[in-house]
Amino acid sequence: MSPASGPGLVGTVPDDDTLISDYRPGTTLLAGPCRTVLTEGTRAVLTDPAGDGGLPARVHALLRAQDGPLIVGAVPFEDSERTMLRVPEHVRWAPARTAAPTGAGRGAPMPAPARVRALPKPARYRAMVRDALAAIDGGAIDKVVLARSLAVEYDDDIDPVRVLDALHRGDPTGYLFAVDLEPDADTAGLAPRTLAGASPELLVSRDGDRVTANPLAGTAPRHPDPDTDAQVARTLLVSPKDRHEHALVVDAVARALEPFCSHLDVPAEPELTSTSRLWHLSTHVTGTLADPDDPESSALGLGLALHPTPAVCGAPRAAAHDLISRIEPTARGFYAGLLGWGDLDGNGEWVVALRCGELAGKRARVHAGAGIVAGSSPDAELAETRAKLGTILAALGVDGVDR
Ligand SMILES: C=C(O[C@H]1C=CC=C(C(=O)O)[C@@H]1O)C(=O)O
């Protein structure tokens with residue numbers, strides 16, 4: 001038995017793997033490098049768009065009124081769309097997951113889908129990158145993250161347990177998650193909807209007056225040969241284009257957190273981090289909150305102040321967002337939004353919804369994006385989105401992502 005860390009913790013749990021194995025559709029799981037949380041049931045929901053303003057204060061009031069330990073859920077990319085936040089009935093904590101499981105999985109791997117449709121087609125995505133490069137050349141923007149999506153359809157309903165299990169096996173690092181997006185599925189006879197994925201990016205976490213953000217930007221696909229893989233990583237670390245792409249995110253994160261902090265530490269140099277498929281440039285920004293009692297300084301408040309960072313939108317934010325709305329053919333939904341948990345004391349952990357898919361019935365919708373800056377190449381950015389899509393597509397039983 002190992003002690004578990006987390007607010008609201010009662011007693012001990014057998015181990016983190018047991019908690020991940022307890023995930024079933026309708027529950028919400030977030031298993032990260034610090035802790036695992038699994039919530040069940042719904043005491044109250046908050047589905048107003050985040051853009052109405054005052055969401056952190058509304059969450060604070062709801063937690064107080066419900067005497068609830070936590071809020072959990074997801075906020076979509078667009079602040080005009082409905083959030084899916086809930087106060088759960090039950091909360092269980094476990095330690096961080098440290099390794100991918102071995103042995104038999106929970107059910108067979110996902111079967112190959114009946115249909116996969118790219119939205120837009122690869123050629124159109126390259127054209128979108130060229131349009132973005134023209135806007136960058138013209139001086140309208142410095143960076144924009146352009147996403148594309150795949151619609152995946154099966155003959156039978158998707159089992160989120162199998163998808164989560166495959167994601168868990170695919171990569172022991174980062175934040176494994178499955179968020180229930182339809183709390184009324186049972187009572188209102190609605191189809192269950194789940195946001196499942198494995199994200200490498202912590203938007204923000206808060207523990208007491210300590211705040212941490214871990215922006216990522218700048219990517220290279222991993223190589224199976226260890227020497228070549230190490231060379232790929234070294235090249236990424238010194239790449240002027242990727243460092244510029246990364247610096248724009250770190251600057252925006254620092255500027256967004258500064259008003260909330262009495263002290264902020266922003267390393268001058270990025271470091272490397274990896275998933276099983278990709279290398280990324282990474283920076284850990286840490287700070288001390290000036291007024292931890294203010295709901296706007298809660299983990300969710302800070303997450304909403306940061307969102308959308310240039311890791312998923314661009315710089316300047318408004319111009320990049322405008323370009324995304326004009327040229328991306330499909331709505332992002334919860335992709336590139338935030339998901340996580342927060343408590344009444346303002347502590348919490350919010351992750352950027354990346355490397356994920358929305359699963360509903362026989363259908364899954366997955367997205368991935370790439371940051372476009374001066375010097376980006378349409379072919380390389382398309383290849384980067386393919387590599388990023390690989391995480392969730394492998395879990396969905398989609399072979400190769402040559403789409
Ligand atoms: C937008 C995505 O990744 C972000 C996170 C890490 C690196 C990124 C990049 O190098 O473009 C992206 O900013 C995605 O996975 O869809």
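Since this is a predicted model, take the numbers as computed values, not measurements. Note that ligands are numbered from 1 as they come in the structure, with each ligand's atoms numbered from 1 the same way.
Listed by chain and number, the residues in a side-chain contact (heavy atoms from CB on, under 4.5 Å) with Ala127 are Arg124, Arg130 (sequence neighbours excluded). By the side-chain contact (heavy atoms from CB on, under 4.5 Å) test, Ala132 pairs with Val144, Leu146, Leu323, Ile372, sequence neighbours left out. Under the salt bridge (Lys or Arg N to Asp or Glu O under 4.0 Å) criterion, Arg126 pairs with Asp379, not counting sequence neighbours.
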Atom pairs and distances, ligand 1 N/O vs protein N/O under 3.5 Å:
from	atom 1	to	atom 2	distance (Å)
ligand 1	3 (O)	Arg355	NH2	3.2
ligand 1	10 (O)	Gly218	N	2.9
ligand 1	10 (O)	Thr219	OG1	2.5
ligand 1	10 (O)	Glu245	OE2	3.3
ligand 1	10 (O)	Glu384	OE2	3.3
ligand 1	11 (O)	Glu245	OE2	3.2
ligand 1	11 (O)	Gly371	N	3.0
ligand 1	11 (O)	Glu384	OE2	3.3
ligand 1	11 (O)	Lys388	NZ	3.0
ligand 1	13 (O)	Ala311	O	2.6
ligand 1	15 (O)	Arg355	NE	2.6
ligand 1	15 (O)	Arg355	NH2	2.9
ligand 1	16 (O)	Tyr335	OH	2.6
ligand 1	16 (O)	Gly369	N	2.8

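For Arg222 (side chain) and Ser274 (main-chain N/O), no donor-acceptor pair under 3.5 Å exists by modelled atom type.
The residues Arg86 and Asp180 are annotated as salt-bridged, a charged nitrogen and a carboxylate oxygen being separated by less than 4.0 angstrom.
Of the N and O atoms on the side chains of His60 and Glu296, not one donor lies less than 3.5 Å from an acceptor on the other residue.
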